[in-house]
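This report concerns only the one structure given below.
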Number of protein chains: 2
Amino acid sequence: MRKDELLNAAEELLAEQGAPCLTLSAVAERAGVSKGGLLYHFSTKEALVKGMIERLVADFDELVASQQESSYSRAYLAATFVAIRSGRLRRWAVVTGAAGDPGLLAPLREAMARWHREGMETESDPTAAQIVRLACEGLWDVTTHDPGFYGEAHYEELHRRLLALLASP
Amino acid sequence: MRKDELLNAAEELLAEQGAPCLTLSAVAERAGVSKGGLLYHFSTKEALVKGMIERLVADFDELVASQQESSYSRAYLAATFVAIRSGRLRRWAVVTGAAGDPGLLAPLREAMARWHREGMETESDPTAAQIVRLACEGLWDVTTHDPGFYGEAHYEELHRRLLALLASP
DNA sequence: AGAACTGTACCGTCCAGCCGGTATAGTAAC
DNA sequence: GTTACTATACCGGCTGGACGGTACAGTTCT
């Protein structure tokens with residue numbers, strides 16, 4: 001859909017140039033659309049950012065759901081590594097775009113709470129599961145600030161050890 | 001010093017209202033200073049943000065160094081919990097202020113790399129140490145988005161388990 | 001015929017940075 | 001001891017430019 005292309009353009013702009021450069025004209029130009037065309041789909045800038053946030057959450061939820069793992073923690077872990085290794089580090093970028101507007105950030109906050117609570121009651125070692133999910137979050141942070149910090153071998157080793165944390169008593 | 005008060009005002013503004021509200025006049029007003037007075041100390045907005053970033057990094061380094069622990073990982077862990085429980089969650093706020101300017105973010109990136117590498121060669125289980133530090137980062141993330149997510153008991157349990165991760169072979 | 005645009009022109013607002021001016025304090029000459 | 005000078009700290013108004021949003025007439029696709 002055309003809306004997705006517009007959201008992609010906005011995301012790319014955020015990731016490459018940062019929040020101050022996320023202007024309606026810049027997004028339109030990047031998507032190969034006139035400003036009027038952009039405003040046809042997203043009638044305000046707020047709507048555009050809201051669209052980005054919602055898609056971000058929905059996409060990650062979908063990615064977690066598509067992992068064939070025996071627990072939510074395992075699926076979340078696997079999804080994190082898939083997303084991070086894909087190189088599409090939209091998370092941070094998108095969030096900076098919404099910074100300052102608590103209303104826009106709310107859906108993300110809710111998603112965050114969900115990601116760190118879901119399936120916790122069936123976990124045999126909830127604290128270990130929490131640590132694993134926190135480490136996932138930390139991985140986002142580090143990778144976004146410095147995409148080359150971890151090598152492929154590092155990722156594999158980390159994934160292995162985090163999985164082991166979930167398995168052991 | 002007066003510069004510190006100005007940086008405090010800027011940080012508070014970022015934390016409470018978000019990056020778009022970080023204007024020179026707003027910072028000046030909050031600090032009880034005219035715009036001209038603010039610009040006397042920080043001649044551009046960029047200098048102001050740079051000042052915030054540098055102080056952020058320096059403060060945390062100092063906090064880590066002041067912890068009396070037997071390894072950098074332990075000190076980093078302890079410092080993280082102290083900082084987070086203090087409620088002064090400047091980290092995220094400050095970073096959003098610098099979003100968009102890679103030059104301003106560079107010092108933070110370097111600090112991040114340092115925080116995740118320092119003392120790693122003397123660690124008996126480097127991967128465990130890495131996981132602990134990643135979990136610290138994740139804790140920042142979660143706590144900033146939702147300050148009330150973890151209770152005091154949670155923090156203690158998490159700290160205990162993360163310490164245990166560093167101890168066991 | 002209608003949906004999905006394009007292109008242009010325009011308005012009000014906001015903000016960074018600049019600049020001329022002011023107050024205070026130190027200091028040094030005479 | 002008062003005059004002259006200098007540096008520091010700060011005031012507040014101004015401006016030029018950019019941005020979000022509106023309006024609307026025309027065009028292409030289906």
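Letters A, B, ... mirror the listed sequences (proteins, then strands); counts begin at 1.
- Within residues 16-24 of chain A, the residues approaching DNA chain D are Leu22(A), Thr23(A), Leu24(A), by heavy-atom distance under 4.0 Å.
- Note: Phe60(A) and Trp115(A) have perpendicular aromatic rings, judged against thresholds of 30 and 60 degrees for the angle between ring planes.
- Take the nearest nucleotide of DNA chain D for Ser25(A) and for Ser34(B): the residue whose nucleotide is more 5' is Ser34(B).
- At a threshold of 4.0 Å, the pair Asp125(A)-Arg161(B) counts as salt-bridged, since one of the basic side-chain nitrogens sits closer than that to a carboxylate oxygen.
- At a threshold of 4.0 Å, the pair Arg30(B)-Glu16(B) counts as salt-bridged, since one of the basic side-chain nitrogens sits closer than that to a carboxylate oxygen.
- The existence of a salt bridge linking Arg55(B) and Glu11(B) is confirmed by a sub-4.0 Å separation between a basic side-chain nitrogen and an acidic carboxylate oxygen.
- Taking 3.5 Å as the limit, the base of dG7(C) and the side chain of Lys35(A) contain no donor-acceptor pair of atoms between them.
- The shortest side-chain heavy-atom distance between Phe149(B) and Arg117(A) falls under the 4.5 Å cut-off.
- DNA chain D lies under 4.0 Å from at least one heavy atom of each of the following residues of residues 39-55 of chain B: Tyr40(B), His41(B).
- A distance of 6.0 Å or more separates the ring centres of Phe81(A) and Tyr76(A).
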> Do Leu7(A) and His41(A) pass the side chain to side chain contact (heavy atoms under 4.5 Å, CB included) test, and can you show the C-alpha distance, the side-chain angles, and the key distance before you say yes or no?
Replying inline: CA-CA 10 Å; Leu7(A) 291 177; His41(A) 291 285; over 6 Å; no
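- Atom CG of Leu6(A) and atom C1' of dA4(C) are 12 Å apart (whole Å).
- In this structure, the CG atom of Asp101(A) is 15 Å from the C1' atom of dG20(D), given to the nearest Å.
- Using a 4.0 Å cut-off between charged nitrogen and carboxylate oxygen, Arg91(B) and Glu137(B) count as a salt-bridge pair.
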